[in-house]
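Below is one structure, written out as structure tokens; the observations come after it.
These values consider heavy atoms only, across backbone and side chains, with no hydrogens, waters or symmetry-generated copies.
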Amino acid sequence: MALWATSCSSSEKLFLASSAATRRRMGSRRRDLVHVGMTDQAETETISIAYKEGDRERPKWADETPFSRLVEALISFKPFYSLLKLGARQVLISTAEKNNIPWREMTKEILESDVYKELNTIQNTSLQYPDYYLSPFHAYDEGNLSWLAAAEAEVATMSMTRRAIPYAPSNEEATQEMRGNWVQAIKQHHMKHSGNLTIQNIVDIGCSVGVSTRFLADEFPSAKVTGLDLSPYFLSVAQYKEKKRPPRKNPIRWIHAAGENTGLPSKSFDLVSFSYVFHECPERAIIALVNEAFRLLRPGGTLAITDQAPKSKILQELSPALFTLMKSTEPFLNEYYLTDLEERLREAGFVNMKTLLTDPRHMTMTATVSHQHV
């Protein structure tokens, strides 16, 4: 969950002008956005130019500056933190309601459903949670380990999408742009670097309530898809929602485990995905997650990371009020922005790293396990 400025900036208007043809196709079917071929490769390059980068490697507010340290001190003051937490939550709810996203109704629907019955089939009661995961996240004192956080996760994602892409004509088209560009980047990277390795097995690590997992399952219908998360509450919601859909040829498998130590077999996946996970992690966890992804991938397999873009012009120009609110709900945000992610991937053994802005505020980073890896 993230907090963003609501105005349509010059970089967003630039995207509107430079990729109108792509967006006209978005109005018909989502899959139209992610066809793979020479034309689409050109469109991807257009997207990388249209989403404007800032002048810095990362936002100034993420550096170790006196002002940044002052913000951290204010956040650590509990009475002030409580106010910030309330403000951060209200920003998302307000964005949802202004965009006809029924926050309260969708949350109530989950909390008053039979979702609780899923917990016993999902939860690994012997799982040891990493210490960082027990921190408050996203204005929830229990972090991701609560039913309220799980019930609100999907609607919060919808609100975040609208804050990222406020110029989209509808909520559906905002999702098409954000998720469609992400999947397109994955497909084109895999086509270029996999050596014709077919994507047959996918694991979505840090899958939350399964929004990204279901998107991957829809776009790769022949693949066997696994959603893995540390929160049994999130996974319960994911499984509950998936049961409401028509059956798939390959049902999604949900696993309650740590992404740093999944327990899954080595070299058993063709695509490992992390969607909006790393900004919630300290650097030591990011390194462990990257190493685990490398272990899980077959030679020629693709790693895909989508998350906040340090080079995003919009993020670099966030007002002090907004970035203070954002930091108050994301305890490891500075560590994420200060982490040289491409270097961490290189150290783990990945090759062919590429980072692309896939919407005005988020990037998709892709990389490959070398075919020479034994």
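Within the 4.5 Å cutoff, the side chain of Pro221 has no heavy atoms near those of the Asn250 side chain. Side-chain atoms of Glu260 and Glu292, non-hydrogen and from C-beta on, never get closer than 4.5 Å to each other. Counting only heavy atoms from C-beta outward, the side chains of Leu315 and Tyr337 approach each other to under 4.5 Å. The shortest side-chain heavy-atom distance between Ile110 and Tyr240 falls under the 4.5 Å cut-off. Within the 4.5 Å cutoff, the side chain of Ile101 has heavy atoms near those of the Val155 side chain. Annotation: side chain of Glu280 is in contact with side chain of Asn144 (closest heavy-atom distance under 4.5 Å). Contact annotation: the side chain of Val272 never approaches that of Phe294 to less than 4.5 Å [non-hydrogen atoms, C-beta and beyond]. Proximity of Met178 to His362: side-chain heavy atoms (C-beta onward) are separated by under 4.5 Å at one or more points.
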Given His190 and Ile199, is the side chain to side chain contact (heavy atoms under 4.5 Å, CB included) satisfied, shown in steps?
-> CA-CA 9 Å; His190 194 79; Ile199 295 180; 3.4 Å; yes

Show, in sequence, the C-alpha distance, side-chain angles and deciding distance for Val225 and Thr213, and conclude whether the side chain to side chain contact (heavy atoms under 4.5 Å, CB included) test is met.
CA-CA 7 Å; Val225 179; Thr213 320; 3.6 Å; yes

Verify side chain to side chain contact (heavy atoms under 4.5 Å, CB included) between Leu216 and Ser273, making sure each step is shown before the conclusion. CA-CA 9 Å; Leu216 289 168; Ser273 173; 3.9 Å; yes

Check your understanding: Taking it one step at a time, do Arg248 and Glu242 satisfy side chain to side chain contact (heavy atoms under 4.5 Å, CB included)?
Key -> CA-CA 9 Å; Arg248 299 180 188 271; Glu242 184 65 15; 2.5 Å; yes

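Taking the six-membered ring where tryptophan is involved, the planes of Phe215 and Trp182 are tilted, since the angle between them lies from 30° to 60°. Using cut-offs of 30° and 60° on the angle between ring planes, the pair Phe332 and Tyr132 is perpendicular. Using the six-membered ring where Trp is involved, Tyr133 and Tyr129 have ring planes that are parallel, under 30° apart on the 30 and 60° scheme.
In this structure a side-chain-to-backbone donor-acceptor pair under 3.5 Å is present from His371 to His193. In this structure, Asp270 contributes its side chain and Asn201 its backbone to a donor-acceptor pair below 3.5 Å. Remark: the backbone N or O of Val115 is paired with a side-chain donor or acceptor of Ser113 at under 3.5 angstrom. In terms of modelled atom types and a separation under 3.5 Å, the side chain of Ser194 and the main chain of Met191 share no donor-acceptor contact. Put simply, the side chain of Thr175 gets close to the backbone of Asn171: a donor and an acceptor are under 3.5 Å apart. Under the 3.5 Å distance criterion, the side-chain polar atoms of Arg162 are matched with a main-chain donor or acceptor of Ala168. At least one donor-acceptor pair closer than 3.5 Å links the side chain of Arg298 to the backbone N or O of Ser268. With hydrogens and angles ignored, the 3.5 Å screen pairs a side-chain donor or acceptor of Thr121 with a backbone N or O of Glu118.
Listed by chain and number, the residues in a salt bridge (Lys or Arg N to Asp or Glu O under 4.0 Å) with Glu154 are Arg214, Lys241 (sequence neighbours excluded). Annotation: side-chain hydrogen bond (donor to acceptor under 3.5 Å, both in side chains) contacts of Asn124 (sequence neighbours excluded): Ser126. Taking the side-chain hydrogen bond (donor to acceptor under 3.5 Å, both in side chains) definition, one finds that Asp340 meets it with nothing, sequence neighbours left out. With sequence neighbours excluded, no residue forms a side-chain hydrogen bond (donor to acceptor under 3.5 Å, both in side chains) with Ser231. Residues that satisfy the side-chain hydrogen bond (donor to acceptor under 3.5 Å, both in side chains) test with Ser236, not counting sequence neighbours, are absent from this structure. Taking the side chain to side chain contact (heavy atoms under 4.5 Å, CB included) definition, one finds that Val290 meets it with Phe278, Ile286, Leu345, Ala348, Phe350, sequence neighbours left out.
Hydrophobic clustering (side-chain heavy atoms under 4.5 Å, transitive across Ile, Leu, Val, Met, Phe, Trp, Tyr) groups Phe137 together with Tyr140. Residue Val211 is grouped with residue Leu148 when hydrophobic side chains (ILVMFWY) are merged at heavy-atom distances under 4.5 angstrom, including chains of intermediate members. The cluster map of Ile, Leu, Val, Met, Phe, Trp and Tyr, joined by side-chain heavy atoms under 4.5 Å apart, puts Trp147 and Leu127 in the same cluster.
Side-chain contact of Gln372 with Ser370: a donor-acceptor pair under 3.5 Å is present, judged by distance alone. Between the side chains of Thr302 and His189, not a single donor N or O lies within less than 3.5 Å of an accepting N or O. Side-chain polar atoms of Glu342 and Thr355 form a donor-acceptor pair below 3.5 angstrom. When only modelled atom types and interatomic distance are considered, Thr358 and Asn181 share no side-chain donor-acceptor pair under 3.5 Å. For the residue pair Glu173/Tyr167, the side-chain donor-acceptor check at 3.5 Å is not satisfied. Side chain to side chain, Glu330 and Tyr336 fail the donor-acceptor criterion of an N or O pair below 3.5 Å. Side-chain atoms of Glu53 and Ser312 include no donor-acceptor pair closer than 3.5 Å.
The two atoms that bring Ser212 and Arg179 nearest to each other are CB-NH1, 3.6 Å, heavy atoms only. Between Ala149 and Phe234 the shortest heavy-atom distance is C-CE1, 3.5 Å. Taking each heavy atom of Gly206 and Asp229 in turn, the nearest pair found is C-OD1, 3.2 Å. Across Leu92 and Ala156, no two heavy atoms sit closer than the pair CD2-O, 4.4 Å. Between Ala150 and Val237 the shortest heavy-atom distance is CB-CG2, 3.7 Å.
To the nearest 0.5 Å, atoms CD (Glu152) and OG (Ser159) are separated by 10.5 Å. Interatomic distance, CG of Leu341 versus CE of Met353, reported as 9.5 Å (0.5 Å rounding). Taking SG from Cys281 and CG from Asp307, the interatomic distance works out to 8.5 Å, rounded to the nearest 0.5 Å. Taken to the nearest 0.5 Å, the CG atom of Leu228 stands 7.5 Å off from the CG atom of Leu235. Taken from CG in Leu264 to CZ in Arg253, the straight-line distance is 6.0 Å, to the nearest 0.5 Å. From Glu335, atom CD reaches atom NE2 of His279 across 13.5 Å, with rounding to the nearest 0.5 Å.
The pair Lys60-Asp55 does not meet the salt-bridge criterion, since no charged nitrogen lies less than 4.0 angstrom from a carboxylate oxygen. Taking a cutoff of 4.0 Å between a charged side-chain nitrogen and a carboxylate oxygen, Glu283 and Arg344 qualify as a salt bridge.
Within 6.0 Å of atom CD in Glu57, 12 or fewer heavy atoms from other residues, nucleotides or ligands are found, so the atom counts as exposed in its surroundings. Atom CD of Glu109 is surrounded by 12 or fewer heavy atoms from other residues, nucleotides or ligands within 6.0 Å. Counted within 6.0 Å of CD on Glu343, heavy atoms from surrounding residues, nucleotides or ligands total more than 12; the atom is thus considered enclosed.
A cation-pi arrangement, defined by a distance under 6.0 Å to the six-membered ring centre and an angle within 45 degrees of its axis, is present between Lys187 and Phe220.
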